[in-house]
Amino acid sequence: MPELEGKRVLITAGPTQEPIDPVRYIGNRSTGKMGIAIAEAAAQQGALVTLVCGPSSVESSDSIKRINVKTAQEMFDAVMEIESEKDVLILSAAVADYRPKIVADTKIKKKDNGLMIELESTPDILATLGTRKKAGQVLVGFALETDNELENAIDKLNRKNCDLLVLNSLQNEGAGFGHDTNRVSILDRHNNISNFELKSKAEVAKDILQAITDYK
Ligand code: CTP
């Protein structure tokens, strides 16, 4: 893909929130900063950007079409409705892997002997896109690993049929959730691996977009 100008790019970002009852949810520490930085950088390069974003206080420019969602299911539905018309799909959202099987209609009252909440799997947006990828579409996944990083990341790239995978390590100081900096490695389907230094998320976003335009 020579350049992003005029390309239709879909980016997922932020966490998802899976309701337990009307006042509680299961969530995670993602802020959406990395995904929104990618959206901004892609828009600056002339891409037509749609951002499907979980709950995040980070704002995005008017040049980006933003669709706000809360749950993994809402993110899945929003992405599936528009994915077939996109050239590049970048899945940076920290989607909850599980959700409560039953959502209580009223606030769950405190009892003395603990509480069991049964969880079920959420739909896997990245894996679903991997099964229906069209010729020419570039699919980019993210991975956050705490152990056997490279091995797990290579496995994820293949399992979810990604073209590129951005590996975030939680072992790096100043990288990951909530920080303004990040340190990533970018893997591709042909077993190429690029390791980057700790940089601002705006700079990491440019490296990711460069890897996409360089990808053959
Ligand atoms: N992802 C997604 N939909 C989900 C879960 C994850 O689209 N329901 C995407 C994320 O946006 C990210 C990648 O998949 O691009 C991260 O996958 P992860 O959740 O780490 O992978 P798993 O297959 O759940 O593997 P594991 O939990 O074993 O690391």
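Quick caveat: nothing in here was measured; it's all calculated off a predicted structure. Note that ligands are numbered from 1 as they come in the structure, with each ligand's atoms numbered from 1 the same way.
- Distance remark: protein heavy atom present below 4.0 angstrom from atom 17 (O) of ligand 1.
- When the side chains of ILVMFWY residues are joined at heavy-atom separations under 4.5 Å, either directly or via intervening members, I186 and L150 end up in two distinct hydrophobic clusters.
- Looking at ligand 1, you'll find an N or O of I125 within less than 3.5 Å of one of its N or O atoms.
- Of the possible polar contacts, one joining the R189 side chain to the C162 backbone as a donor-acceptor pair under 3.5 Å is found.
- Of the possible donor and acceptor atoms, one in the side chain of T71 sits under 3.5 Å from a partner among the backbone N and O of E74.
- Panel note: side chain T12, backbone S92; a donor-acceptor pair is recorded below 3.5 Å.
- Under the 4.5 Å side-chain criterion, counting only non-hydrogen atoms from C-beta, L51 is not in contact with I67.
- F142 and I154 end up in different hydrophobic clusters when Ile, Leu, Val, Met, Phe, Trp and Tyr side chains are linked at under 4.5 Å.
- Against a heavy-atom cut-off of under 4.0 Å, P123 is close to the following atoms of ligand 1: 3 (N), 4 (C), 8 (N).
- Ligand 1 has no N or O atom lying under 3.5 Å from any N or O atom of T12, backbone or side chain.
- For S121, the closest heavy-atom approach to ligand 1 does not fall below 4.0 Å.
- Residue, atom and distance of the protein heavy atom nearest to atom 22 (P) of ligand 1 are K160 NZ, 3.7 Å.
- Protein heavy atom closest to atom 26 (P) of ligand 1, with residue, atom name and distance, is K156 NZ, 3.8 Å.
- The closest approach between any non-hydrogen atom of A93 and ligand 1 is below 4.0 Å.
- Remark: the T122 side chain and the E18 side chain contain no N/O donor-acceptor pair separated by less than 3.5 Å.
- The distance criterion of under 3.5 Å between nitrogen or oxygen atoms is met by L91 with respect to ligand 1.
- For atom 1 (N) of ligand 1, the nearest protein heavy atom (residue, atom name, distance) is D124 OD1, 3.9 Å.
- With atom 27 (O) of ligand 1 as the reference point, the heavy atom nearest to it among V95, D97, T146, L144 is part of D97.
- With V140 as the partner, the side-chain contact (heavy atoms from CB on, under 4.5 Å) test is satisfied by one option alone out of I90, D188, L157, L126: I90.
- Without hydrogens or angle criteria, N28 side chain to A94 main chain gives a donor-acceptor distance under 3.5 Å.
- Those atoms of ligand 1 that come under 4.0 Å of a heavy atom in T122, given as number and element, are 8 (N).
- Side-chain atoms of Q137 never come within 3.5 Å of backbone atoms of K133 as a donor-acceptor pair (strictly under, hydrogens ignored).
- Taking only nitrogen or oxygen atoms, main chain and side chain alike, F142 reaches within less than 3.5 Å of ligand 1.
- Numbered from 1 in the order shown, with element, the atoms of ligand 1 that lie under 4.0 Å from a heavy atom of G141 read 15 (O).
- A heavy-atom separation below 4.0 Å is found between R159 and ligand 1.
- Among protein heavy atoms, atom 9 (C) of ligand 1 sits closest to L126 CB, 3.7 Å.
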